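When a residue number appears, it is its place in the shown sequence, counting from 1. Everything numeric in this text was worked out from a predicted model, so none of it was measured.
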Amino acid sequence: MRKLAILGIVLACSTPKESTKPEATVPPSPANPPATAVTGAPGQVPNAAGQPANMPAPQPQPSAAARAPAPPPAGIDLSIIDPSVKPCDDFYRFACGKWLERTPIPEDRPLWGRAFSEILERNQALLKEIVEKDARGEGDPSDPYARKVGDFYATCMDEQKAETASFATLQEELRKIDAVKDQKSLARETAELQKTGARAFFGFGSRQDFKDATQVIGAVDQSGLGLPDRDYYFKDDKKSVELRALYLDHIGKMLELTGIPDSAGKAKKIMDLETRLAKASMDRVSRRDPNKTYHRLDRPGLMKTAPRFDWNDYFATIGAPDVRAINVSVPDFFKALDGIVQDLDDARTYLKWKAIEADADALGDRFVRERFRFNQALTGAKAILPRWKRCVVMTDRALGEALGRTFVTTTIGAEGKQLAKEMIQGIEKAFEANLATLDWMDDAAKKASLYKLHKIDNKVGYPEKWRDYSKLEIGHESLLANVLAAAEFETARDLAKIGKPVDRGEWRMTPPTVNAYYSGSLNEMVFPAGIMQLPFFSPEAPLPSNYGGLGMVMGHELTHGFDDQGRKFDGDGNLHEWWSPEVTKAFTERAECVAKQYDGYVAVEDVHLNGHLTLGENIGDIGGLKMMISALRASMGRDTQQKTLHVPGWELGPEQQAFIAFGQVWCTNYRPEAARTQALTNPHSTAQWRVNGPASDNPDFAKAFSCAAGSPMAPANRCTVW
């Protein structure tokens, strides 16, 4: 599944526990980077729209963006265009130049974007009002869980309880790990930690069967690393070596804060064990091929692959005692794991670290600051987010659909939802019309693609049926205890799906999330209320602005259904080759053109983008831009009120406005550390290339801005798949 690469800076700041679900079949979304924990969230969402999100960043400090910025104009912002830059030379600078020059990055952020960051800031301010009312007992009477939301937030805001009660909760976890004496108790404790969110050794959760999308089966997958990616354990460039040294020191200091003796020696053992896990892990680019992560071995096959790990005790403890149908995403990982877990001393030390790592942001000031010290090397952020923002994030991750009930009533009305649905229909019609023109597809492939297109389920705004949190108990004493309870609730909810029919009404993002996604197995697109705001969308905004913003997001997500991953799933969500060898070969040639193009783009300093890691998102951007402008033309045929806008040197018609609106949602300033981390680990290109790459591949763009053939934005050889 995928989120739109447009979403990015979502709720990924200081969050405590991560879901124990298996890794997604695509690399993590920037909205949920690998080093970011997730409390009570539904696990990694499919192809995210994403921009790089904030890595975990705790503890109070004055924020440069303490006040939510006012919404931008309902249309393109002429004041941020830089007319000194020719759009045919560098469209990103033309559309965003003055914004980039005058917009600083807040001290507590690794990057700052005109759309994602500012919407997130406004959303968080609104959520703060909601949770504070809930905490005072003044919550929305139509929300049956408002009291739980308020209690969670109020407990989170009590810093003294984090220092005392939460620390006591951690010590109780560590005592249980000390009691591990044999392989049976090791398996049980691994399950206990995983069901409360720690990334211990591997991941387990529910997943649609890739070969039978009507079934929900179990899935085990590689996990257990503390650095952002397996390659960080082996790269020998100076920055990677320095980061490993910092991580080793960080582990030692966190162990020391917990009172564990010989912290430096134990940190080295943990680093050695994680390096062995990393060596057995599949790399990110390989994981983009769902065929490489589908191995339906079932329970007997898993037990044969890792025979010395006590799977029976593990499954009984985590809450899936009878699971039989299991996909083993990376069999080689579990073969290696079987040997790694045999040294009980090292395994106990590692499990303690995984508990501390997962719990750190719900603990006291010393832990939060130490965690931030390490994350600075990945993000470049200069200060820790204010506590209220971190607590809003934690609350959303723990009780997101409860909090979302009130959020959607104030942010998206019936008119906005209906207009968005009409835009999606227009984008789908544009894709269908374009499909008929493709000379590299045969009739059988076009027919099957139409079937898939017509079966896509579109979800807009918020779920039709809200999640039931009645079994989740929230207390008033320990933030960490609440975090653990929320994660355990989510694990139980997730595992209960195994063996049951697929719930096609479920959402894998909370309503306030500034993101969107496409799922190949479900063949659905999802657009939460959180992203349906300016500058992406407003019922009051001109059509070109709405299409250049949210319309492009819709086109991007739709194209994900037919990118290098999505194309491998048919209209019913099943993984198999449904194109002829000739059509597959033609697609691959075009996709390789895109990969080579983006390999040439520099993200920061000496770091280039990885064209194969970002391939699906880049195909989505290129196709999305094409569908957006086509759908806009059809809509303008029904609307004669479109205005021409003036900027020095240009009279901007509707199509030019739509292209500029597209460019302006990506205006983003990065810290070098954040840009580097994104380029090395993220399936989304950095903002400059999310604009200039697709625009340069689009003949309609060149025509709109009269770009001469051979200019930077009108190259002789364009890469286009759809």
Side-chain angles (χ1 to χ4, degrees), residues 13-18 35-40 56-61 135 151-180 189-190 192-200 226 249-264 266-267 270 348-375 384-395 397-398 472-489:
C13 29
S14 153
T15 54
K17 289 272 190 172
E18 182 173 271
T36 303
V38 181
T39 304
Q59 222 14 62
Q61 292 260 337
D151 288 348
F152 188 100
Y153 179 76
T155 305
C156 183
M157 288 297 291
D158 190 328
E159 295 187 60
Q160 186 56 38
K161 287 179 180 176
E163 296 284 354
T164 56
S166 289
F167 187 73
T169 302
L170 171 64
Q171 292 296 333
E172 184 179 342
E173 283 191 290
L174 299 182
R175 283 193 291 272
K176 291 178 181 178
I177 297 171
D178 277 329
V180 170
E189 187 55 33
T190 299
E192 290 288 356
L193 288 173
Q194 286 183 4
K195 73 182 181 182
T196 55
R199 293 174 292 122
D249 182 64
H250 169 63
I251 296 172
K253 283 187 167 52
M254 292 287 267
L255 297 178
E256 184 179 353
L257 289 174
T258 314
I260 295 175
D262 186 23
S263 57
K266 287 184 170 62
I270 291 165
R348 279 192 297 267
T349 300
Y350 168 81
L351 289 180
K352 287 183 178 181
W353 163 236
K354 291 292 111 177
I356 297 166
E357 176 190 53
D359 296 349
D361 294 339
L363 297 171
D365 180 70
R366 296 170 301 158
F367 288 91
V368 168
R369 289 188 178 279
E370 173 55 31
R371 192 68 180 154
F372 177 72
R373 181 180 75 94
F374 170 67
N375 285 325
I384 299 169
L385 286 171
R387 187 171 190 88
W388 74 263
K389 288 187 179 180
R390 291 183 280 120
C391 288
V392 164
V393 168
M394 291 186 194
T395 308
R397 291 188 184 274
L472 174 57
E473 296 295 329
I474 299 297
H476 299 82
E477 292 303 316
S478 168
L479 168 61
L480 180 54
N482 286 342
V483 166
L484 299 180
E488 188 165 356
F489 169 84

Student: Just one of K176, E173, R348 clears the side-chain contact (heavy atoms from CB on, under 4.5 Å) bar with E189, so which one?
Tutor: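 So, applying the side-chain contact (heavy atoms from CB on, under 4.5 Å) to E189 and each of K176, E173, R348, only K176 qualifies.
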Student: How many angstroms lie between CD in E163 and NZ in K161, if you round to the nearest 0.5 Å?
Tutor: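 Atom-to-atom, E163:CD and K161:NZ are 14.0 Å apart.
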Student: Might you point out which heavy atoms bring G226 and E357 nearest each other, and give the distance in Å?
Tutor: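 The pair with the smallest heavy-atom distance is CA-OE2, 3.4 Å.
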Student: Is it the case that the side chain of K266 and the backbone of T349 share a donor-acceptor pair, with hydrogens and angles ignored and the cut-off at 3.5 Å?
Tutor: no
Student: Step by step, would you call L479 with D158 a side-chain contact (heavy atoms from CB on, under 4.5 Å)?
Tutor: CA-CA 8 Å; L479 168 61; D158 190 328; over 6 Å; no
Student: Once you measure the plane-to-plane angle for F374 and H250, does it fall in the parallel (<30°), tilted (30-60°) or perpendicular (>60°) bin?
Tutor: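 Judged by the thresholds at 30° and 60°, the geometry between F374 and H250 is parallel.
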Student: Would you call D361 and F367 a side-chain contact if the rule is heavy atoms closer than 4.5 Å?
Tutor: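 D361 does not reach F367 side chain to side chain.
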Student: What distance separates T258 OG1 from F167 CZ, expressed to the nearest 0.5 Å?
Tutor: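 Result: 6.0 Å between the selected atoms.
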Student: Please report the closest heavy-atom contact between L255 and A267, naming both atoms and the distance.
Tutor: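 L255 and A267 have their closest heavy atoms at CD1-N, 4.0 Å.
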Student: Going by the rule ring-ring contact (aromatic ring centres under 6.0 Å, His included), which residues pair with Y153 if we only count those two or more places apart in sequence or in a different chain?
Tutor: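 So Y153 forms no ring-ring contact (aromatic ring centres under 6.0 Å, His included) with any residue.
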Student: Working to the nearest 0.5 angstrom, can you tell me the gap between L351 CG and T190 OG1?
Tutor: 4.5 Å
Student: Tell me, please, which residues at least two apart from K352 pass salt bridge (Lys or Arg N to Asp or Glu O under 4.0 Å).
Tutor: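 D178.
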Student: Taking all heavy atoms of S166 and all of L363, pick out the closest pair and write down the distance.
Tutor: O-CD2, 3.5 Å
Student: If the threshold is 4.0 Å, N to carboxylate O, is there a salt bridge linking E488 and K195?
Tutor: yes
Student: Measuring from atom CG of L480 to atom CD of Q171, what distance do you get when rounded to the nearest 0.5 angstrom?
Tutor: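 Nearest 0.5 Å value for the CG-CD distance: 11.0 Å.
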Student: Closer than 4.0 angstrom, basic N to acidic O: yes or no for K354 and D359?
Tutor: no
Student: Does any N or O in the side chain of N482 come within less than 3.5 Å of the main-chain N or O of G475, such that one atom is a donor and the other an acceptor?
Tutor: yes
Student: Quick one: are L472 and I474 in side-chain contact, heavy atoms under 4.5 Å?
Tutor: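 Yes. Closest side-chain heavy atoms under 4.5 Å.
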Student: Which atom names give the shortest non-hydrogen contact between I260 and I356, and what distance separates them?
Tutor: CD1-CD1, 4.0 Å
Student: Does E256 use its side chain to pair, donor to acceptor, with the backbone of I251 at less than 3.5 Å?
Tutor: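 Checked: no pair found.
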Student: Under a 3.5 Å distance rule, please check whether T155 uses its side chain to pair with a backbone N or O of E477 as donor and acceptor.
Tutor: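 Such a contact is absent between T155 side chain and E477 backbone.
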Student: Report yes if some heavy atom in the side chain of I177 is under 4.5 Å from a heavy atom in the side chain of L193; otherwise report no.
Tutor: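 They are in contact (side-chain heavy atoms under 4.5 Å apart), so the answer is yes.
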Student: Would you name the heavy atoms of R371 and W353 that are closest together and state the gap between them?
Tutor: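 R371 and W353 have their closest heavy atoms at NH1-CH2, 4.2 Å.
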Student: Could you walk me through whether D249 and R373 satisfy the salt bridge (Lys or Arg N to Asp or Glu O under 4.0 Å) test, starting with their C-alpha distance in whole Å, then the side-chain angles of each, then the deciding distance to 0.1 Å, before giving a yes or no?
Tutor: CA-CA 11 Å; D249 182 64; R373 181 180 75 94; 2.8 Å; yes
Student: Which atoms form the tightest heavy-atom contact between A481 and S478, and what is the distance?
Tutor: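 Scanning both residues completely, I find the closest heavy atoms to be N-OG, 3.0 Å.
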Student: Using modelled atom types and a 3.5 Å cut-off, is there a donor and acceptor pairing between side-chain atoms of E473 and backbone atoms of A485?
Tutor: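 Looks like no, no N/O pair under 3.5 Å.
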